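Below is one structure, written out as structure tokens; the observations come after it.
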Amino acid sequence: MTVRLYNTLTKKREEFIPIEEGKVGIYVCGITAYDVCHIGHARSAVVFDVIYRYLKYKGYDITYVKNFTDVDDKIIGKAIAEGTDIGEIAERYIREHNEDMDRLGVARPTAAPRATESIKGMIRLIETLMEKGLAYVVDGDVYYSVEKFSGYGKLSGRSLDDMMAGARIDIDEKKKNPFDFVLWKSSKEGEPWWSSPWGKGRPGWHIECSVMSQRFLGDTFDIHGGGEDLIFPHHENEIAQSEGATGKPFAKYWIHNGFIKIDSEKMSKSLGNTLTIKEILDAYHPEVVRFFILQRHYKSYIDFSDGAMAEARGGMERVYTALKGIKDALGGGESVSDLSEKDLSGEDKTAFEKVHTLPVRFTEAMDDDFNTPMALGYIFDTVRIINGYLPRDGAQPGGGTLFVLQDARERIREVGKVLGLFLEEPDDYFTKSQEREVSKRGLDVEEVERLIDERKQAREAKNWARADEIRDLLAARGIVLKDTPASTTWKIE
RNA sequence: GGCGGCAUAGCCAAGUGGCUAAGGCAGCGGUCUGCAAAACCGUUAUUCACCGGUUCGAGUCCGGUUGCCGCCUCCA
């Protein structure tokens with residue numbers, strides 16, 4: 001089965017056919033290293049991480065490039081403000097970024113080049129554009145002449161005439177056309193610079209991606225991705241630069257992820273409602289964050305709120321509760337059943353067939369434009385089967401049951417690995433989750449446990465009134481108790 | 001002003017021409033439990049913003065209306 005994906009360039013869902021059979025080259029625009037990453041970066045990272053892992057799961061030999069922009073106005077501004085150089089600023093935020101990604105369980109790309117490592121290539125590319133008459137020089141700045149590139153606007157679906165009609169940009173007298181964009185910028189006093197045929201200067205923003213994608217993936221490659229805000233002008237300009245220079249098609253498929261809103265508002269620095277990845281991870285388990293993101297199709301916007309996160313947490317718990325049930329039934333052993341599939345019959349056989357085909361359904365969903373919400377739905381279907389199949393308290397499960405449960409766990413792990421979910425030991429997951437909730441709510445754990453202990457004694461004395469009173473007291477603080485024959489455990493609702 | 005997207009149950013969210021409109025959360029009834037919790041079973045949209053059209057057949061295609069949103073400036 002082949003993957004079908006929505007291509008921003010054609011505005012259609014298309015069959016994914018790699019340029020070279022079995023191989024995939026993917027380039028995703030990374031961050032500008034001038035500030036800590038927010039939840040929007042997390043979404044983009046998680047979405048493309050899952051696409052990367054899925055294509056790998058499908059057996060493709062994949063080269064995944066995600067760049068760092070380490071020279072730009074904002075970085076320069078920050079360096080000047082702090083009296084340091086751009087290298088130090090970039091280094092700091094790249095390190096922070098990598099830390100955030102590691103915590104989110106985002107795999108490192110095959111290559112993570114920095115713009116400043118490819119300055120020579122950028123100069124060469126700009127020279128080619130000059131030779132082809134696609135660029136012009138004004139006072140040491142080099143501009144791209146959009147009118148000279150006939151395909152300009154094909155990605156964002158607008159013509160230059162449309163853009164002119166609705167132009168809202170400042171007229172810059174240096175430019176021949178208001179949509180011309182800078183390829184090379186002359187440096188002002190105190191700014192970093194590189195020498196070039198046009199004098200001391202630095203690259204414009206778009207040129208780096210044209211150069212680094214070409215360097216790692218060639219003139220034409222399979223997939224180019226990024227946030228939807230990059231469609232115009234960034235990706236449009238990349239196409240103009242690359243196709244203008246090589247005369248060949250640039251990326252074959254373009255994938256763009258949707259934005260995150262916060263409490264139904266657009267997240268932006270001016271509104272002051274940005275949430276950093278660090279803040280989110282202090283409050284929620286990384287897998288809850290991934291689950292929250294993957295619960296919606298990557299192209300739609302997501303509305304972040306505490307309520308939505310609480311729901312995501314609830315969903316995660318459902319899966320981990322089932323995994324815990326399996327673990328308890330297996331008695332902690334990894335491989336306790338030495339049966340094989342053909343030894344199964346009746347109920348065991350039926351359950352096995354349902355559970356064992358999870359990866360097939362998962363693949364169907366993912367092949368359909370990476371439909372992670374549907375993929376998660378199939379995982380929940382599997383969870384229901386497991387829960388209904390788990391031995392009741394105290395019952396001794398038979399060999400067939402163990403075999404099925406073991407397989408169920410394997411299959412959930414198999415697809416979970418692609419999504420970056422359900423990879424923890426259930427006990428660890430619950431412990432970490434609980435610690436976060438406790439610290440978030442400022443609960444006094446010792447007092448909680450003292451009350452539980454008091455309730456235990458009341459229960460032993462069959463003083464149900466006092467036992468219930470304590471439970472209600474704890475419930476008022478969001479603590480839910482669970483009595484098992486052996487002990488009482490508690491969790492945050 | 002230009003370009004584009006979305007509207008599915010109380011909430012979140014799949015489904016893009018055809019079996020009974022996935023799944024999660026919340027609710028209700030039952031089983032289990034000292035009572036709960038978790039889990040399971042059942043239940044919760046004759047209907048997919050509205051109006052018209054195409055079709056044997058539409059949530060799904062086309063046209064219109066209304067409402068929300070994004071991009072056009074740095075932005076994931």
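Predicted, not measured: the structure shown is a model, and the values here were computed from it. The analysis underlying the following values was restricted to heavy atoms, covering all of them including side chains, and did not include hydrogens, waters or symmetry mates.
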Quick one: His38(A) NE2 to C75(B) P, roughly how many Å, whole number? 11 Å

Please check the phosphate of A13(B) (OP1 and OP2 only) for any side-chain N or O of Arg296(A) closer than 4.0 Å. yes

Separation of atom CZ in Arg13(A) from atom C1' in U60(B), rounded to whole Å: 12 Å

Ile293(A) CD1 to G24(B) P, straight-line distance once rounded to whole Å: 21 Å

Side-chain atoms of Ile260(A) come closest, of A76(B), C35(B), C25(B), to A76(B)

Closer than 4.0 Å, any side-chain N/O of Lys266(A) to the OP1 or OP2 of C71(B)? yes

Which of these nucleotides, G24(B), A76(B), C72(B), is closest to any side-chain atom of Phe179(A)? C72(B)

Can you identify which nucleotide, out of C74(B), C72(B), G34(B), has its nearest atom closest to the Lys74(A) side chain? C74(B)

Checking all strands, does Met267(A) fall into the base, sugar-phosphate, or nothing category for heavy-atom contacts under 4.0 angstrom? base

Aro-ring/base stack Trp464(A)-G34(B), d under 5.5 Å, angle under 30°: yes

Using a 5.5 Å cut-off between ring centres and planes within 30 degrees, is Phe259(A) stacked on the base of G70(B)? no

Consider the side chain of Arg384(A), meaning its heavy atoms from C-beta on, and name the nucleotide among C41(B), A14(B), A76(B) that approaches it most closely. C41(B)

Determine the contact category for Gly325(A): base if any of its heavy atoms lies under 4.0 Å from a base atom, sugar-phosphate if only primed atoms, P, OP1 or OP2 are that close, otherwise nothing. nothing

Reckon Gly40(A) touches a base, only the sugar-phosphate, or nothing at all at heavy-atom distances under 4.0 Å? base

Rounded to the nearest angstrom, tell me the gap between atom CD in Glu228(A) and atom C1' in C3(B). 14 Å

Taking for Lys11(A) and for Glu265(A) the nucleotide of RNA chain B with the nearest heavy atom, the one nearer the 5' end belongs to Lys11(A)

Considering only atom P, compute the distance from G17(B) to C12(B) and round it to an integer number of Å. 26 Å

Looking only at atom C1', what distance separates G67(B) and C50(B), rounded to whole Å? 11 Å

Does any nucleotide pair with U46(B) by Watson-Crick or G-U wobble geometry, both distances under 3.5 Å, and what is it? none

Ring-face cation contact, Phe48(A) with Arg53(A), 6.0 Å cut, 45° max: no

What's the gap between G15(B) and G23(B) when it is taken at their C1' atoms, as a whole Å value? 11 Å

Who pairs with A36(B) - Watson-Crick or G-U, where each distance is under 3.5 Å: none

Distance, rounded to the nearest Å, where Leu390(A) contributes CG and C40(B) contributes P: 9 Å

Lys185(A) to Tyr143(A), cation-pi by 6.0 Å centre distance and 45° axis angle: no

Take Tyr253(A) and His224(A), measure what ring pair (Phe, Tyr, Trp, His ring centres under 6.0 Å) needs, and give me the verdict at the end. CA-CA 6 Å; Tyr253(A) 304 95; His224(A) 192 130; over 10 Å; no

Heavy atoms from C-beta onward define the side chain here; which of U16(B), C69(B), A76(B) lies closest to that of Lys261(A)? C69(B)

Report the base-pairing partner of C56(B) (Watson-Crick or G-U wobble, both distances below 3.5 angstrom), or none. G18(B)

Same-atom distance (P) from G70(B) to A58(B), integer angstrom: 35 Å

Would you mind reading off the distance between Lys12(A) atom NZ and C61(B) atom P, rounded to a whole angstrom? 15 Å

Crowded around Glu454(A) CD? As in, over 12 foreign heavy atoms under 6.0 Å? yes

Applying a 4.0 Å non-hydrogen cut-off, can you work out what Lys462(A) is touching in the nucleic acid: base, sugar-phosphate, or nothing? nothing

If you look at every heavy atom in Ala365(A) and Tyr378(A), which pair is closest and at what distance? CB-CE1, 4.1 Å

Does the side chain of Trp205(A) get closer than 4.0 angstrom to OP1 or OP2 of C75(B) through an N or O atom? yes

Closest of A76(B), C35(B), A14(B) to the Ser300(A) side chain is A14(B)

Suppose we define a pair by two distances each less than 3.5 Å, Watson-Crick or G-U wobble; what does C71(B) pair with here? G2(B)

Pair Tyr64(A) + Tyr52(A): ring centers closer than 6.0 Å: yes

Tyr320(A) and Tyr429(A): CA distance, side-chain angles, deciding distance, ring pair (Phe, Tyr, Trp, His ring centres under 6.0 Å) verdict: CA-CA 8 Å; Tyr320(A) 270 112; Tyr429(A) 173 85; 4.0 Å; yes

Aromatic Tyr6(A) / basic Lys299(A) pairing, under 6.0 angstrom, 45° off normal: yes

Can you tell me which nucleotide in A37(B), G34(B), G2(B) comes closest to the side chain of Arg158(A)? G2(B)

Please report the distance separating the C1' of C68(B) from the corresponding atom of A76(B), rounded so that it comes out in whole Å. 23 Å

Does a side-chain N or O of Arg318(A) approach OP1 or OP2 of G24(B) to a distance below 4.0 Å, or not? yes

For His234(A), report the nucleic acid contact type (base, sugar-phosphate, nothing); a contact means any heavy atom under 4.0 Å. nothing

On the nucleotide G15(B), are OP1 or OP2 found under 4.0 Å from the side-chain N or O atoms that Asn371(A) carries? yes

Touch class at under 4.0 angstrom, heavy-atom based, for Asn387(A) against every strand present: sugar-phosphate

Under a 3.5 Å distance rule, please check whether His356(A) uses its side chain to pair with a backbone N or O of Glu353(A) as donor and acceptor. no

Got a donor-acceptor pair under 3.5 Å from the side chain of Asp468(A) to the base of G34(B)? yes

In whole angstroms, the gap separating P of A13(B) from CG of Asp303(A) amounts to 8 Å

P spacing across the pair A9(B) / U47(B), given as an integer number of angstrom: 12 Å

Classify the nucleic acid contact of Tyr378(A) as base, sugar-phosphate or nothing, counting any heavy atom under 4.0 Å across all strands shown. nothing

With rounding to the closest Å, how many angstrom separate the P atoms on A7(B) and C40(B)? 30 Å

Touch check for Ile231(A), heavy atoms < 4.0 angstrom, all strands: base, sugar-phosphate only, or nothing? nothing

Pi-cation contact, Tyr284(A) with Arg436(A) (under 6.0 Å, within 45°): no

Base of C74(B), side chain of Asp73(A) - is there a donor-acceptor contact under 3.5 Å? no

Please tell me which of Gly227(A) and Phe232(A) maps to the more 5' nucleotide of RNA chain B, matching each residue to the nucleotide holding its nearest heavy atom. Phe232(A)

Base, sugar-phosphate alone, or nothing: which one does Arg455(A) contact when heavy atoms must sit under 4.0 Å apart? base

Between G10(B) and G27(B), how far is it from one P atom to the other, in whole Å? 16 Å

How close or far is atom P of C12(B) from atom CD of Gln295(A), stated in whole angstroms? 12 Å

